[in-house]
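See structure below.
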Amino acid sequence: MTRPRKSLLRSLFRSLLLPGVVVMALGVFTVYHVTQDEYDELLDASLSSKAHLLIEIIEETRAQIVGTDASEQALSRLLAFENDQRAPAERSLFWYLDSAGDIVVQSASSEGVTLPAPLVPGISTVQNHRVVVLHSQRAAAGTLVVAEPLIERTEALTDVVIGVLVGFALLGLLFAIAAFWAVRRSVAMIGKLSDNIAQKNEYNLSPIDRKNAFVEITPAIDTLDTLMSRLDVVLAAERAFATNAAHELRTPVAICMAQVQRLRSQLDDPAQADNVAEIEAGLKRLTRLIERLLQMSRAQSGLGLNAVETDINPVIALMMTELQRRSPAPETLVLRQPSGAWSSRIDPDALGIILNNLFDNALKYASGSEPTVVDASRPGRVVVSNDCDPLAPDDLAAIRTRFVRKATLSDGYGLGLSIVQDLCRQSGATLEIFSPRAGSTRGFAAVLTLPGQQVG
């Protein structure tokens with residue numbers, strides 16, 4: 001099973017976002033507990049002060065007015081001022097018990113409320129109330145129990161937590177946006193650097209553009225530049241050797257050709273003349289091989305594209321005129337000349353090599369009664385077709401490969417279509433080959449589509 005490709009953007013964003021979420025969760029947890037502890041300290045201090053004040057008031061009042069209902073009713077209203085300030089569920093409650101544990105006085109709002117038990121001195125939380133139990137320091141005195149509802153405390157903690165969550169959410173959103181933008185910008189720079197490296201091939205081994213390179217990647221880029229520089233030197237030496245060798249071979253081959261033709265004109269013996277004719281044919285074949293090697297060398301050097309756009313229709317017309325002039329049977333040719341102007345960046349020399357190879361193949365392998373047709377009447381498109389036996393699908397695919405010929409006895413070298421495909425790939429042109437031709441059971445057709453646009 002193929003493993004999914006990892007995304008640098010998702011990986012970095014996830015690595016930054018996950019710790020941020022953990023930190024925010026820890027922050028909310030910490031704020032909640034710190035606020036709870038501090039709020040409990042304030043509440044306990046307030047509750048303890050209220051209990052001490054109440055027990056002093058109760059005991060002083062009972063000492064002055066003992067055993068009367070008026071005193072008990074007055075004491076039960078000690079916290080009556082809270083009735084106007086707090087809701088019933090938020091009011092403080094108190095009970096005063098004698099030394100026997102009986103309730104002597106209780107707040108008016110505590111009626112119907114069960115006294116918390118057990119009564120352990122100190123502060124505790126019982127039934128959603130914060131309770132303080134305080135024993136009197138006087139002899140034979142009682143115990144005071146004060147209970148403060150935790151509703152306000154719960155609301156305060158809830159508000160604090162909600163506020164912290166909203167703040168962290170806004171902060172997290174801003175952090176996520178900033179992190180996403182920063183990571184995306186960095187990934188975009190790496191993507192541009194990757195695109196620049198991907199453009200390097202055997203025709204383009206120039207140094208890598210470093211404006212999108214980070215310091216950490218620079219050593220790798222230095223290594224790539226060094227490697228491409230060495231590769232460029234090797235490829236340049238190979239191309240130079242092929243070019244120089246082909247050029248150097250031209251002169252001795254031309255001399256040999258001239259000497260053979262001179263020798264043949266001086267021979268009277270037909271048998272010897274035939275032998276010399278075979279030598280001449282071999283030299284002509286060698287000349288064509290030299291031309292193909294020169295074309296292949298130029299194709300490998302990246303000839304395809306021109307710096308500026310030019311009208312290439314004159315080049316097509318010139319090549320078609322040249323084809324008609326060198327054809328052994330011009331009457332078997334049908335030429336449809338281009339019209340108008342077609343602006344393209346394809347190099348004129350590259351276009352000439354492409355058309356020359358397509359024309360040569362059409363003439364070389366034409367074997368039927370129908371004429372060879374070169375149709376350039378449609379802008380940006382050249383169709384070259386001839387009449388011959390149809391090729392099998394395997395043969396049609398194989399002839400695209402270098403050094404593969406249609407027939408082993410052919411005087412070709414299997415380089416023509418290979419050179420054409422290299423130049424088409426460099427220039428952005430496309431080559432399609434068909435056998436048999438459209439609408440026929442015979443023949444071969446090559447359709448060349450050129451990049452560019454029609455002018456006028």
Side-chain angles (χ1 to χ4, degrees), residues 1-31 164-241 297-309 344-347 350 421-430 451-453:
M1 187 174 77
T2 304
R3 298 181 60 183
R5 298 177 63 184
K6 292 184 178 180
S7 168
L8 180 60
L9 177 61
R10 288 197 298 270
S11 179
L12 290 177
F13 189 63
R14 191 185 302 116
S15 299
L16 292 174
L17 192 59
L18 183 60
V21 172
V22 173
V23 169
M24 285 190 288
L26 290 176
V28 172
F29 180 80
T30 302
V31 169
V164 172
L165 281 174
V166 171
F168 273 139
L170 293 175
L171 180 62
L173 180 61
L174 292 176
F175 172 76
I177 293 173
F180 180 78
W181 180 84
V183 170
R184 187 173 182 179
R185 181 173 176 271
S186 300
V187 170
M189 292 178 63
I190 296 176
K192 291 179 181 178
L193 177 64
S194 178
D195 291 340
N196 181 257
I197 295 175
Q199 293 172 0
K200 307 303 177 184
N201 51 37
E202 64 268 30
Y203 312 114
N204 179 15
L205 294 172
S206 59
I208 298 171
D209 187 0
R210 297 169 182 251
K211 67 180 180 180
N212 293 309
F214 294 99
V215 175
E216 293 79 3
I217 309 178
T218 302
I221 296 178
D222 292 339
T223 302
L224 284 176
D225 280 343
T226 302
L227 178 62
M228 288 193 299
S229 177
R230 295 176 61 184
L231 185 60
D232 191 25
V233 171
V234 173
L235 290 176
E238 180 183 350
R239 293 166 186 159
F241 172 78
S297 177
R298 298 192 67 189
Q300 290 178 343
S301 65
L303 178 66
L305 284 179
N306 198 9
V308 295
E309 290 189 356
S344 176
R345 283 188 58 203
I346 185 171
D347 187 88
Q421 289 182 122
D422 286 344
L423 292 174
C424 286
R425 185 168 55 251
Q426 297 170 29
S427 62
T430 58
Q453 57 186 349

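Worth saying up front: this structure is predicted, and the values here are computed from it rather than measured.
- Side-chain contact between V187 and R184: absent, with no pair of heavy atoms (C-beta onward) separated by less than 4.5 Å.
- Partners of R210 by side-chain hydrogen bond (donor to acceptor under 3.5 Å, both in side chains), not counting sequence neighbours, listed by chain and number: D222, D225.
- In plain terms, the two heavy atoms of P451 and S427 that are nearest each other are CG-O, 3.3 Å.
- Between A350 and L423 the shortest heavy-atom distance is O-CD1, 3.7 Å.
- In this structure, the side chains of F168 and V23 stay at 4.5 Å or more apart for every pair of heavy atoms.
- Here CG of D209 is found 11.5 Å from CG of D195. Values are rounded to the nearest 0.5 Å.
- Side-chain contact between Q453 and E309: present, with at least one pair of heavy atoms (C-beta onward) separated by less than 4.5 Å.
- Atoms CD1 and CE, on I208 and M228 in that order, are 4.0 Å from each other to the nearest 0.5 Å.
- Look at R425 and D422 and you find a salt bridge, because one of the NZ, NE, NH1 or NH2 atoms lies within 4.0 Å of a carboxylate O, short of that distance.
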Exercise for the section: Start with the C-alpha distance between L173 and I177, add both sets of side-chain angles, then the distance that settles side-chain contact (heavy atoms from CB on, under 4.5 Å), and finish with yes or no. Expected result: CA-CA 6 Å; L173 180 61; I177 293 173; 4.1 Å; yes
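- Side-chain N or O atoms of S186 include one that pairs as donor or acceptor with a backbone N or O of A182 at under 3.5 Å.
- Qualifying ring-ring contact (aromatic ring centres under 6.0 Å, His included) partners for F29, counting only residues two or more places apart in sequence or in other chains: H33.
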